[in-house]
Trainee: 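I have a structure here, written as structure tokens, and I will follow up with some questions on it.
Just so you know, ligand 1 is whichever comes first in the structure, and atom 1 is the first atom listed for that ligand.
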Amino acid sequence: MHVTSASLVPYNTFGLNHTAEQLVELTTREQLQSLWQAYPQMPLLVGEGSNLLFTEAYAGLVLVNRLKGKQITETEDAWLVKVEGGENWHQLVCWCLEHGMPGLENLSLIPGTVGASPVQNIGAYGVELAQFCSQVESFDWQSGEYKTWSVAECDFGYRDSVFKHEARSHLIVSVTFCLPKAWQPVLGYGPLAELGEAATAAEIFERVCATRQAKLPDPAVLGNAGSFFKNPKVVTAQAEALKLAWPALPVFAAEPGLSKLAAGWLIEQADLKGVQVGGAGVHTQQALVLVNHGGATAADVLQLAALVRERVEQRFGVRLEPEVRMIGAAGETYLDEALACLN
Ligand code: EPU
């Protein structure tokens, strides 16, 4: 097995220039077993690094999930598709549609791998992974055993799951999707509603791809990790007060007593679109995305994120929380901790 210090440039869509002490591309489960015996310390499992910000060099083992394979089981009502974690997400969406199994079309063009998709419960245009996920299979680095998680055990929330919390020692190796044969289009999001109730899955796919391409920068062209912040949830009374002061503010219903605000709108209205710190900038088409204009360092991105958070808080009294996962030398870190390390 080839274990070597490596550049992380190909493994983070922000395109930041850091290294990992050791890096292995994982292609078989046997390899996983022998690595587990050799490395007691928990490795960092990455897919395509499309939701990660490496804040410094990683002082450990990075495992790149390249496990491949798909298996379909058919029941009377649904197709169950078991997919290995290293498969590319968008290719899976295309493959399901080509094989006459619609359902995932609203999630087209989301960068990243299948294995990473449950961690933050990816979502877009009115659909979340949780709606189609039936099981997640993981390898627990603590016990060296595989575990199968039911959808209830995954504890999915808005960009959240058990894999960000109690189950951090679990590396996701496969995901099983349940695609009901009684397909229903999800057309609640503006540009999709225009398609009308008779819309086909292929039409939704096309429209989602066009919408994403118009707003969201392609990481192959302009480094980024998608939405940098979560859409903040505030108590409904605060949302109502903000709406009185700024009638154009987009407000969405959340859990009882809470409302979700559009972070991109708040950032734009705080005059931050296009603002740069070094090589990092607020995207001009979608203010929720921070981009690497070329040569950005982690310090540039972190300082820009801190500036965005501060200006939005000053103007609206709402504190944004990063959605991108930050990885420091020893593993997961957070914005304030990473900023403190810069000084
Ligand atoms: N808006 C602005 N200015 C901006 C950006 C947005 O005014 O610069 C307004 C829009 O006009 C709209 C509202 O804010 O009224 C929401 O914007 P949009 O529909 O673009 O979606 P979002 O809430 O900014 C979320 C997800 C995206 C997902 C889209 C579509 C999060 C953190 N982000 O973005 O997911 O593609 O909805 O469903 O929930 C990601 O997670 O990386 C991601 C890209």
Trainee: Counting non-hydrogen protein atoms only, what is the nearest one to atom 3 (N) of ligand 1? Give residue, atom name and distance.
Mentor: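 Checking every protein heavy atom, the shortest distance to atom 3 (N) of ligand 1 gives E268 OE1, 2.6 Å.
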Trainee: Any luck finding a side-chain donor-acceptor pair between E105 and W183 under 3.5 Å?
Mentor: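 Side-chain D/A pair, E105 to W183: present.
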Trainee: N/O to N/O below 3.5 Å, does that happen between K215 and ligand 1?
Mentor: yes
Trainee: Taking only heavy atoms of F229, which atoms of ligand 1 are found under 4.0 Å from at least one of them?
Mentor: 32 (C)
Trainee: Considering non-hydrogen atoms of the protein only, which is the closest contact for atom 36 (O) of ligand 1, and what is the distance?
Mentor: R212 NH1, 3.5 Å
Trainee: Do the rings of F139 and W141 sit parallel, tilted or perpendicular, given the 30° and 60° boundaries?
Mentor: perpendicular
Trainee: Is atom 10 (C) of ligand 1 close to the protein, meaning a heavy atom under 4.0 Å from it?
Mentor: no
Trainee: With ring-ring contact (aromatic ring centres under 6.0 Å, His included) as the test, would you mind laying out the steps for W79 and H99 before giving the verdict?
Mentor: CA-CA 11 Å; W79 293 282; H99 287 77; over 10 Å; no
Trainee: With L23, which of V62, V46, L44 fulfils side-chain contact (heavy atoms from CB on, under 4.5 Å)?
Mentor: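 When V62, V46, L44 are each tested with L23, the side-chain contact (heavy atoms from CB on, under 4.5 Å) holds only for V62.
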Trainee: Any idea which protein heavy atom is nearest atom 23 (O) of ligand 1, and the distance to it?
Mentor: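 Protein heavy atom with the smallest distance to atom 23 (O) of ligand 1: N231 ND2, 2.8 Å.
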Trainee: I want to know if ligand 1 touches L288 in the polar sense, i.e. an N/O pair below 3.5 angstrom.
Mentor: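 So ligand 1 has no N or O lying under 3.5 Å from an N or O of L288.
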Trainee: Heavy-atom contacts with Y158 under 4.0 Å: which atoms of ligand 1 show up? List them by number with element.
Mentor: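 Heavy-atom distances to Y158 below 4.0 Å select 31 (C), 32 (C), 39 (O).
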Trainee: Please list the nearest protein heavy atom to atom 18 (P) of ligand 1 with its residue and the distance rounded to 0.1 Å.
Mentor: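 It is Y189 OH, 3.6 Å.
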Trainee: For atom 16 (C) of ligand 1, what is the nearest protein heavy atom, given as residue, atom name and distance?
Mentor: A262 CB, 4.0 Å
Trainee: With a 3.5 Å cut-off and no angle check, do the side chains of Q120 and D160 form a donor-acceptor pair?
Mentor: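 No pair is found: no donor N or O on one side chain lies under 3.5 Å from an acceptor on the other.
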Trainee: Output yes when a side-chain donor or acceptor of S174 lies under 3.5 Å from a complementary backbone atom of G85, and no otherwise.
Mentor: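 Pair absent, no side-chain N/O of S174 close to backbone of G85.
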Trainee: How close does the nearest protein non-hydrogen atom get to atom 17 (O) of ligand 1, and which residue and atom is it?
Mentor: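 Scanning the protein heavy atoms, the shortest distance from atom 17 (O) of ligand 1 goes to Q286 NE2, 4.2 Å.
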Trainee: Show which atoms of ligand 1 fall inside a sub-4.0 Å distance from at least one heavy-atom site of K273.
Mentor: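 Every atom of ligand 1 under 4.0 Å from some heavy atom of K273: 8 (O).
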Trainee: Using 30° and 60° as the class boundaries, would you call the ring planes of F205 and H90 parallel, tilted or perpendicular?
Mentor: parallel
Trainee: Under 4.0 Å from any heavy atom of G226, which atoms of ligand 1 are there?
Mentor: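 Those atoms are 42 (O).
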Trainee: Start with the C-alpha distance between V282 and V308, add both sets of side-chain angles, then the distance that settles side-chain contact (heavy atoms from CB on, under 4.5 Å), and finish with yes or no.
Mentor: CA-CA 9 Å; V282 176; V308 168; 3.9 Å; yes
Trainee: Quick check against the 3.5 Å criterion: does K243 have a side-chain atom that pairs as donor or acceptor with the backbone of L249?
Mentor: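 Side chain of K243 to backbone of L249, a donor-acceptor pair under 3.5 Å: yes, one is there.
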Trainee: Examine L242 and I267 and state if one hydrophobic cluster contains both, with Ile, Leu, Val, Met, Phe, Trp and Tyr joined whenever side-chain heavy atoms are less than 4.5 Å apart.
Mentor: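 They do share one cluster, since a chain of ILVMFWY contacts under 4.5 Å joins L242 to I267.
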Trainee: Just need the protein heavy atom nearest to atom 15 (O) of ligand 1, so name the residue and atom and give the distance.
Mentor: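 Result for atom 15 (O) of ligand 1: P250 CG, 3.5 Å.
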Trainee: Looking just at side-chain N and O atoms, do E25 and Y11 make a donor-acceptor pair shorter than 3.5 Å?
Mentor: yes
Trainee: Of all the heavy atoms in H283, does at least one lie under 4.0 Å from an atom in ligand 1?
Mentor: no
Trainee: What is the nearest protein non-hydrogen atom to atom 1 (N) of ligand 1, stated with its residue, atom name and distance?
Mentor: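 Residue, atom and distance for the closest contact: W265 N, 3.7 Å.
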Trainee: Can you confirm, on distance only, whether ligand 1 has an N/O atom lying under 3.5 Å from any N/O atom belonging to S227?
Mentor: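 Yes, at least one N or O pair falls under 3.5 Å.
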Trainee: Please report whether atom 29 (C) of ligand 1 has a protein non-hydrogen atom at a separation of less than 4.0 Å.
Mentor: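 No; the ligand atom in question lacks any protein heavy-atom contact below 4.0 Å.
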